[in-house]
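In what follows, every chain begins at residue 1, and chains take the letters A, B, ... in the order their sequences are listed.
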There are 2 protein chains.
Amino acid sequence: MTVTTDTDALLSIGEVSERTGLPTHTLRFYEQEGLFAGPVRRNAAGRRMYSEEQAHWARVCTKLRSSGMPLPEIHRYVALVREGPGNEKERFAILREHENKVAQQVADLQEALAVIHTKVEIYEEALSAGTADQLWRDGPTCD
Amino acid sequence: MTVTTDTDALLSIGEVSERTGLPTHTLRFYEQEGLFAGPVRRNAAGRRMYSEEQAHWARVCTKLRSSGMPLPEIHRYVALVREGPGNEKERFAILREHENKVAQQVADLQEALAVIHTKVEIYEEALSAGTADQLWRDGPTCD
DNA sequence: CTTTGACTTCAAGTCGACTTCAACTCCTAG
DNA sequence: CTAGGAGTTGAAGTCGACTTGAAGTCAAAG
């Protein structure tokens, strides 16, 4: 539950960096790439001060990125947000499509995992049976 | 297509490419990077002829790669295989460690998926309730 | 007052894994 | 014989997403 926008404690770039795990350089880079819907405010000394919401969005961005959404597509989404109400369906489509892609990625990764695990098991068995040298006969037969 | 399915059923680079989904260029590149334990043989005309085993290994490579194993690490594994029997434990360690990494990747991806899905659900609800415009109040509150 | 450390800008460099290019050779079909 | 398609080589280019560098500003601590 988000509180009202009045008494928001603003966060320095270092604080946001700590919370998100993103290097400060990367936060500046993201801003430059237009990954924040609103402007990042500055204090009297010209330093960046992030709202809680912006910090949260940065955290979301780490998830979008780590799941393979390219920066331009995040930008596309943000651009729609910036435009204001009226394009929610488009925004939804971007998110849902990415969700599908990630689900596919998980499936692919699990398939790869199965292949790898098969090989691991073969080694486990051969090693405990002391027949590991037979894993090499006339080529990498080990599958 | 050259129909030589006689003796050891060697495969052309094009056939291996088709089976693995790897472009022929990439197969040559992998060979150059030392990703095959044995030599890739050549026919009279100097063209690559892969054994079934090599084709299979290439397929395994696609899984290792798609799960993020770097080429140098695949190379390290292959180098051990090339050395012959005696280092099975090391080979096993490489595989098992990668297996763990992939399991972690799956977990991370599922976490990201959860975050994304949460946002998707918020949009779904707001859209069906006709309150989508409220997703934008005074910032991207939508989480 | 000086140092420390976080911050600022803009520009250039890095990385892995291909991918593309250029310039061939070779085999088979028509 | 000629065209087409598959194959060969080494070198150079591409890509996204940072990352690093250079050169400076600012605020509080010792």
Could you please name the option among [options] that lies closest to any side-chain atom of [X]?
{"X": "B/Pro70", "options": "D/dT9, D/dA6, C/dA17", "result": "C/dA17"}
{"X": "B/Leu71", "options": "C/dT8, C/dC18, D/dG7", "result": "C/dC18"}
{"X": "B/Arg42", "options": "D/dG7, D/dT9, C/dC18", "result": "D/dT9"}

Rounded to the nearest angstrom, tell me the gap between atom [atom1] in [X] and atom [atom2] in [N].
{"X": "A/Glu33", "N": "D/dC18", "atom1": "CD", "atom2": "P", "value": "10 Å"}
{"X": "A/Glu31", "N": "C/dT9", "atom1": "CD", "atom2": "P", "value": "7 Å"}
{"X": "B/Tyr50", "N": "D/dA6", "atom1": "OH", "atom2": "P", "value": "16 Å"}
{"X": "B/Arg28", "N": "C/dA17", "atom1": "CZ", "atom2": "C1'", "value": "16 Å"}
{"X": "B/Leu11", "N": "D/dG7", "atom1": "CG", "atom2": "C1'", "value": "15 Å"}
{"X": "A/Arg47", "N": "C/dG5", "atom1": "CZ", "atom2": "P", "value": "14 Å"}
{"X": "A/Gln32", "N": "D/dG16", "atom1": "CD", "atom2": "P", "value": "16 Å"}
{"X": "A/Glu73", "N": "D/dC15", "atom1": "CD", "atom2": "P", "value": "18 Å"}

>> Does either side chain, that of B/Gln104 or that of B/Asn100, offer a donor lying less than 3.5 Å from an acceptor on the other one?
In response: no
> Around A/Glu18, counting heavy atoms of other residues, nucleotides and ligands shown, do more than 12 lie under 6.0 Å from its CD?
Replying inline: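 Atom CD in A/Glu18 is not packed in, count stays at 12 or less.
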Looking at [N], I'd like to know if its phosphate oxygens (OP1 or OP2) sit under 4.0 Å from a side-chain N or O belonging to [X].
{"X": "A/Thr24", "N": "C/dA6", "value": "no"}
{"X": "B/Arg65", "N": "C/dG16", "value": "no"}
{"X": "A/Tyr30", "N": "D/dC18", "value": "yes"}

Pairs under 3.5 Å (N/O, protein and nucleotides 19-22 of chain D):
none

>> Closer than 4.0 angstrom, basic N to acidic O: yes or no for A/Arg76 and A/Glu73?
In response: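 Salt bridge: yes.
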> Between A/Glu52 and A/Arg19, does at least one N-O distance fall below 4.0 Å, as a salt bridge requires?
Replying inline: yes
> Any side-chain heavy-atom pair from A/Tyr50 and A/Leu27 closer than 4.5 angstrom?
Replying inline: yes
>> To the nearest 0.5 Å, what is the distance between CZ on B/Phe29 and CG on B/Leu22?
In response: 11.5 Å
>> Determine whether a donor-acceptor pair (one donor, one acceptor, N or O, separation below 3.5 Å) exists between the side chain of A/Arg48 and the base of C/dC7.
In response: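 Per atom types, no contact qualifies.
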>> Does the plane of the ring in A/Tyr77 sit parallel, tilted or perpendicular to the ring in A/Trp57? Use 30° and 60° as the thresholds.
In response: parallel
>> Pick the closest DNA chain C nucleotide for B/Ala45 and for B/Pro72 by heavy atoms, then say which residue is nearer the 5' end.
In response: B/Pro72
